[in-house]
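Working notes, structure below.
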Amino acid sequence: MEQKKKVFIETYGCQMNFSDSEIVGSILLENDYIPAADMKTADLILMNTCSIRDNAEQRVRKRLSELHSLKRKNPSLVIGILGCMAERLKDKLLEEEKHIDLIVGPDGYRSLPKLLEQVESGQKAINTLLSIDETYADINPVRLSGSGITAFISIMRGCENFCAYCVVPYTRGKERSRNPRSIVDEAINLYAQGFREITLLGQNVNSYLWNEEGSLTDFPGLLRQVAGTHPEMRVRFATSHPKDLSDNLLKVMADFDNVCKAIHLPVQSGSSRMLSLMNRSYSREWYMERVEAIRRILPDCSISTDIITGFCGETEEDHQETLSMMRWAEYDYAYMFKYSERPNTIAAKKYRDDVPEEVKSSRLDEIIALQQELSLKSNRDDIGKVFCVLAEGTSKRSVNHLFGRNSQNKVVVFEKENNKPGDYVNVKIESCSAATLKGTVIQT
Ligand code: 5AD
Ligand code: SF4
């Protein structure tokens, strides 16, 4: 009997990429591959890559140079690049990195078995065609890693917002939504397998739209259907563009206890002038009104954000507006980045990347320090409260403790007692750091 080949997939970047790696895993397992325990024993190494900032690409380049020596030891090893870097650089990557055999963009994963045959016949293989309708709806992702408790479901692909700084519309193509029935079926299946939390994923979930002979399903409608599959299946979603966050969605969130009260609402900048240059299609005031709507309709909802500092032409005054926005919104959590110019984006073509590196760095330091304060304050305000926590696994620091998340997406650590991953546990918060809440189990 022919021995099955072993594949190792390493994933970089956003949750969408992790979700795509599960689709790739599924396609390969159907085609006589089995997962390799580590890179060294693999016959095929796939790197699912990210292009969002230059340092994301540099990390992959560094890793690729390490793979060189593996290939020297084992010349039959096949190395493939998937994802956004594959799409952005195409055959240029084959020229620059001679030990790569295979390049596949985010919409080309179905062609992997064919391309691998081509590689076996001694040729390099490449597919970077983008699609207008590929959603991989019929592919049941393999959940190769993770807790068995939480899972991602990709509900749409691509992005057409064209924020001036962003490479995603070029690497992931046109926006398209996935059939809601296949999403609901996946949620039901996951519950039956023991999963208790799903995160619906898309670059901009609020513009989800499925049209079936004139009957429309929008994101609030989809969320209602998914949340209705089982009251003990928690539902999260990411990411929301502020321009499309509707009161209707907030009301659906309020209607279902199992829809988690956490919204990731990237602000990017607190300055309307910057937001306009960034092509974000909202102003500071519009964003603030959306935050007020969240506070009004979902009083216990957490809000997290993304911030870019040092975008083209950003002045000290613009920067101060970002800091004041952070103070006003009291974000529970934030991902903060220095602006990194990406080739061929609107900003790269139209504006100068003119904020000096040291200024970008010192502004980023200030933003991080402020967020640290805000996260700590938000966690301190939770001391004394009781939260329903979905246990996800054993704490890294102690085998006698479990960790999980509350509805607001905060990590909570508590003594294990008789609880196990997958259980819902009521925990009273007793102490905290800026990153974690700690508490004791309350018997109910
Ligand atoms: N430079 C820095 N940060 C970026 N992001 C997107 N593009 C860039 C870029 N060119 C950030 C945004 C986005 C998050 C996923 O990454 O904040 O919301
Ligand atoms: Fe995800 Fe964007 Fe990075 Fe692509 S470029 S992996 S879509 S974060």
Side-chain angles (χ1 to χ4, degrees), residues 9-21 23-24 46-60 81-89 104-107 109 128 130 152 154 156-175 201-206 238-243 263-270 274-275 277-282 287 304-312 314 322 325-326 331 333-351 353 355 357 360-361 363-364 367-368 371:
I9 309 178
E10 190 162 86
T11 309
Y12 295 78
C14 63
Q15 294 170 329
M16 189 63 106
N17 253 18
F18 283 81
S19 167
D20 280 1
S21 289
I23 288 167
V24 169
L46 296 174
M47 295 176 69
N48 197 356
T49 61
C50 173
S51 291
I52 197 104
R53 284 168 290 276
D54 185 56
N55 58 11
E57 292 203 355
Q58 292 315 323
R59 274 180 66 205
V60 171
I81 301 292
L82 313 178
C84 292
M85 261 177 95
E87 193 61 51
R88 192 177 88 71
L89 296 161
V104 192
D107 287 345
Y109 299 145
T128 54
L130 285 173
F152 297 127
S154 154
M156 59 191 300
R157 301 180 70 81
C159 177
E160 288 168 36
N161 288 321
F162 290 95
C163 299
Y165 48 78
C166 192
V167 76
V168 174
Y170 311 95
T171 61
R172 288 190 162 265
K174 290 226 174 292
E175 200 170 279
L201 286 183
Q203 253 77 34
N204 176 15
V205 291
N206 296 306
T239 289
S240 295
H241 194 303
K243 77 177 164 65
I263 296 183
H264 187 62
L265 199 66
V267 65
Q268 313 298 3
S269 168
M274 280 292 110
L275 289 170
L277 285 175
M278 288 175 166
N279 198 25
R280 288 290 286 174
S281 358
Y282 57 85
Y287 184 93
S304 55
T305 201
D306 291 346
I307 294 172
I308 298 177
T309 189
F311 185 63
C312 311
E314 186 188 68
T322 296
M325 173 66 97
M326 292 171 73
Y331 293 115
Y333 192 81
Y335 297 92
M336 298 154 283
F337 313 104
K338 278 193 266 189
Y339 171 58
S340 162
E341 185 177 85
R342 308 312 292 129
N344 294 323
T345 54
I346 297 169
K349 286 184 187 153
K350 279 178 53 180
Y351 314 134
D353 179 13
V355 177
E357 188 58 30
K360 282 184 185 171
S361 293
R363 286 181 188 166
L364 183 65
I367 285 172
I368 291 173
Q371 186 53 46

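All ligand and atom numbering here is 1-based and tracks the order in the structure. We number each residue from 1, following the sequence as shown.
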Just distances here: any N/O of Glu341 and N/O of ligand 1 closer than 3.5 Å?
no

Nearest protein heavy atom to atom 7 (S) of ligand 2, by residue and atom, and its distance?
Arg172 NE, 3.1 Å

Parallel, tilted or perpendicular, as decided by the 30° and 60° cut-offs, for the rings of Tyr333 and Tyr335
perpendicular

Do any nitrogen or oxygen atoms of Ser340 come within less than 3.5 Å of a nitrogen or oxygen of ligand 1?
yes

I'd like to know if Gln15 contacts ligand 2, where contact means a heavy-atom distance under 4.0 Å to any ligand atom.
no

Within 4.0 Å of some non-hydrogen atom of Arg342, the atoms of ligand 1 are 10 (N)

Which protein heavy atom lies closest to atom 7 (N) of ligand 1, and at what distance to 0.1 Å?
Tyr165 CD1, 3.3 Å

List every atom of ligand 2 that sits less than 4.0 Å from any heavy atom of Cys14, numbering the atoms from 1 in the order shown and giving each element.
1 (Fe), 6 (S), 7 (S), 8 (S)

Quick note on ligand 2: atoms under 4.0 Å from a heavy atom of Gln203 include exactly 7 (S)

Between CD1 on residue Ile367 and CD1 on residue Ile307, distance to nearest 0.5 Å
5.5 Å

Thinking salt bridges, do Lys174 and Asp107 make one under a 4.0 Å N-O criterion?
no

So, Ser21 versus Thr11: side-chain donor-acceptor pair below 3.5 Å or not?
yes

Specify the protein heavy atom at minimum distance from atom 17 (O) of ligand 1: its residue, its atom name, and the distance to 0.1 Å.
Gln268 OE1, 2.7 Å

Side chain to side chain, Met85 and Met47, heavy atoms closer than 4.5 Å:
no

Considering only the protein, which heavy-atom contact is closest to atom 2 (C) of ligand 1, and what is its distance?
Lys338 O, 3.3 Å

If you count the atoms of ligand 2 from 1 in the order shown, which ones are under 4.0 Å from a heavy atom of Ser51?
3 (Fe), 5 (S)

Sub-4.0 Å heavy-atom approach of Met16 to ligand 2:
no

For Gly83, is the nearest heavy atom under 4.0 Å from an atom of ligand 2?
no

So which bit of Ile52 gets within less than 4.0 Å of ligand 2, heavy atoms only: side chain, backbone, both or neither?
both

Is there a donor-acceptor pair under 3.5 Å between the side chain of Tyr282 and the backbone N or O of Val267?
yes

Nearest heavy atom to atom 2 (Fe) of ligand 2: which of Thr239, Asn48, Asp20, Val168 does it belong to?
Val168

So that I can check it, does any N, O or S atom in Cys50 come closer than 2.8 Å to atom 1 (Fe) of ligand 2?
no

For Met325, does its backbone N or O pair with a side-chain atom of Tyr287 as donor and acceptor, under 3.5 Å?
no

Check: Arg53 N/O within less than 3.5 Å of ligand 1 N/O
yes

How close does the nearest protein non-hydrogen atom get to atom 15 (C) of ligand 1, and which residue and atom is it?
Asp306 OD2, 3.8 Å

Using distance alone, with no hydrogens and no angle criterion, decide if Ser51 and Glu57 have a side-chain donor and acceptor under 3.5 Å apart.
yes

What atoms of ligand 2 come closer than 4.0 angstrom to any heavy atom of Cys84?
4 (Fe), 5 (S), 6 (S), 7 (S)

Show which atoms of ligand 2 fall inside a sub-4.0 Å distance from at least one heavy-atom site of Asn17.
6 (S)

Check each heavy atom of Ile308 against ligand 1 and say whether those closer than 4.0 Å belong to the side chain, the backbone, both or neither.
side chain

Would the distance check show the side chain of Asn279 and the main-chain N or O of Phe162 forming a donor-acceptor pair, the cut-off being under 3.5 Å?
yes

Roughly how far, to the nearest 0.5 Å, is CG of Leu46 from CG of Leu82?
5.0 Å

With distance as the sole test, does Thr345 use its side chain to make a donor-acceptor pair with the main-chain N or O of Cys166 at under 3.5 Å?
no

I'd like to know if the side chain of Glu314 pairs up with that of Tyr339 as donor and acceptor (distance under 3.5 Å, no hydrogens or angles considered).
no

Output for pair (Gln15 CD, Phe152 CZ), nearest 0.5 Å, gives 4.0 Å

